[in-house]
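Inspection log for the structure reproduced underneath, given as structure tokens.
Note that the numbering runs from 1 along the sequence shown for the chain. Every heavy atom of this structure was used, including side-chain atoms; hydrogens, water molecules and symmetry mates were not.
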Amino acid sequence: MIIQEFVKEVLLEDIGRGDLFGRVAPKKEATAHILAKSEGIVAGQPYLEALAKFCNLRLYWFKRDGERFEVGDVLLKIEGLAADLLAAERTLLNMLLHASSIATQVQPYIEALEGTDVMLLDTRKTRPMLRNFEKYAVRIGGAANHRMGLDDALMLKDTHLSLIDDLDAFIKEARRQIPFTTKIEIECESYDDAVKAMEAGADIVMCDNMSTDEIERVVRFRNERFPGVLLEASGNITLDNIRDVAMTGIDAISSGAIIHQSRWIDLSMKIVT
């Protein structure tokens with residue numbers, strides 16, 4: 001239902017009160033191909049399927065979610081009434097481009113982590129009203145989602161911590177107020193902060209903008225005293241340093257760049273009959 005409602009809103013944004021070409025379009029069937037003009041990773045299949053159902057189009061996939069494509073590849077064939085096909089063209093391409101671009105952006109980070117057990121996570125740095133869509137694309141690219149929003153984990157960042165006088169007491173009260181299964185994560189900017197967070201009862205400690213040496217100290221302390229605590233590294237994670245961070249013994253690395261730094265790949269739709 002979420003996908004269907006999203007697709008309707010995106011389509012309405014483009015069609016408005018109705019595609020004017022539809023008033024004079026020839027009443028005949030048409031076939032189109034989505035052609036790759038750059039390489040990448042396909043993402044967007046369930047969204048395009050929902051759009052096709054809504055617009056009475058038929059899709060035949062040659063490349064599916066998560067599969068790599070090269071320049072010149074035909075990703076899918078589309079059949080339907082010419083007016084319906086052309087009315088959906090930009091909505092279809094925008095969704096496929098956006099999702100595939102994010103999935104493509106994720107891939108090099110995943111490849112840099114090969115041979116490790118470190119999870120790559122996204123962040124909440126998503127475009128307004130596109131969080132589910134963009135986080136879906138992250139999963140297709142091979143990474144995992146961090147929390148979806150403020151309601152599925154209690155995360156205390158520096159702005160929260162500046163308002164808390166007694167962290168131990170705050171955590172104890174939070175445990176009484178939040179659901180039993182909810183995890184508590186605390187953002188820490190130093191080794192001392194991480195120690196304090198673990199001793200206060202954090203489930204997850206984020207090592208924010210720490211050097212690899214400092215992260216290694218945190219990992220050693222965790223392994224010795226609080227082996228059940230998960231450690232996440234974040235802040236200024238790049239392709240150049242992500243493997244070094246992973247080798248510290250951290251459990252996960254989060255990066256907003258895998259979404260907000262993605263660049264649109266090049267796809268086009270061509271009418272073939």
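Between Val106 and Ile41, the closest side-chain pair of non-hydrogen atoms is not below 4.5 Å. Side-chain contact between Ile250 and Val218: absent, with no pair of heavy atoms (C-beta onward) separated by less than 4.5 Å. Between Ile265 and Leu97 the shortest side-chain heavy-atom distance falls below 4.5 Å. Side-chain contact between Phe62 and Leu75: absent, with no pair of heavy atoms (C-beta onward) separated by less than 4.5 Å. When side chains are defined from C-beta on, Val229 counts as touching Met198, because their heavy atoms get closer than 4.5 Å.
The residues Asp152 and Arg147 are annotated as not salt-bridged, no charged nitrogen and carboxylate oxygen being separated by less than 4.0 angstrom. Taking a cutoff of 4.0 Å between a charged side-chain nitrogen and a carboxylate oxygen, Arg68 and Asp73 do not qualify as a salt bridge. Lys196 has no carboxylate O lying under 4.0 Å from a charged side-chain N of Glu199, or vice versa, which leaves the two without a salt bridge. Salt bridge Glu232/Arg222: absent, no basic N to carboxylate O contact under 4.0 Å.
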Item to complete: Check the pair Arg175, Asp203 against salt bridge (charged side-chain N to carboxylate O under 4.0 Å, His left out), reporting the backbone distance first and the verdict last.
Response: CA-CA 11 Å; Arg175 294 291 185 196; Asp203 300 299; 3.0 Å; yes
Discussion item. Determine whether His98 and Glu134 satisfy the following criterion, side-chain contact (heavy atoms from CB on, under 4.5 Å), listing intermediate values before the conclusion.
Written reply: CA-CA 8 Å; His98 193 155; Glu134 293 184 332; 2.9 Å; yes
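In this view, Tyr136 and Tyr47 satisfy the ring-ring contact (aromatic ring centres under 6.0 Å, His included) rule, not counting sequence neighbours.
Partner Leu92 forms a side-chain contact (heavy atoms from CB on, under 4.5 Å) with one of Val10, Ile78, Val7, Leu267 and no other, that one being Ile78.
A side-chain donor-acceptor contact under 3.5 Å links Asp166 to the backbone of Ala169. Without hydrogens or angle criteria, Ser38 side chain to Asp266 main chain gives a donor-acceptor distance under 3.5 Å. No donor-acceptor pair under 3.5 Å is formed between the side chain of Arg131 and the backbone N or O of Lys125.
At least one test fails for Lys63 against the ring of Phe69: distance under 6.0 Å to the centre or angle within 45° of the axis.
Between Tyr191 and Phe221, the ring planes lie perpendicular to each other; the angle is over 60°, past the 30° to 60° tilted range.
Once rounded to the nearest 0.5 Å, the distance linking CD1 of Ile164 with CD1 of Ile186 reads 7.5 Å.
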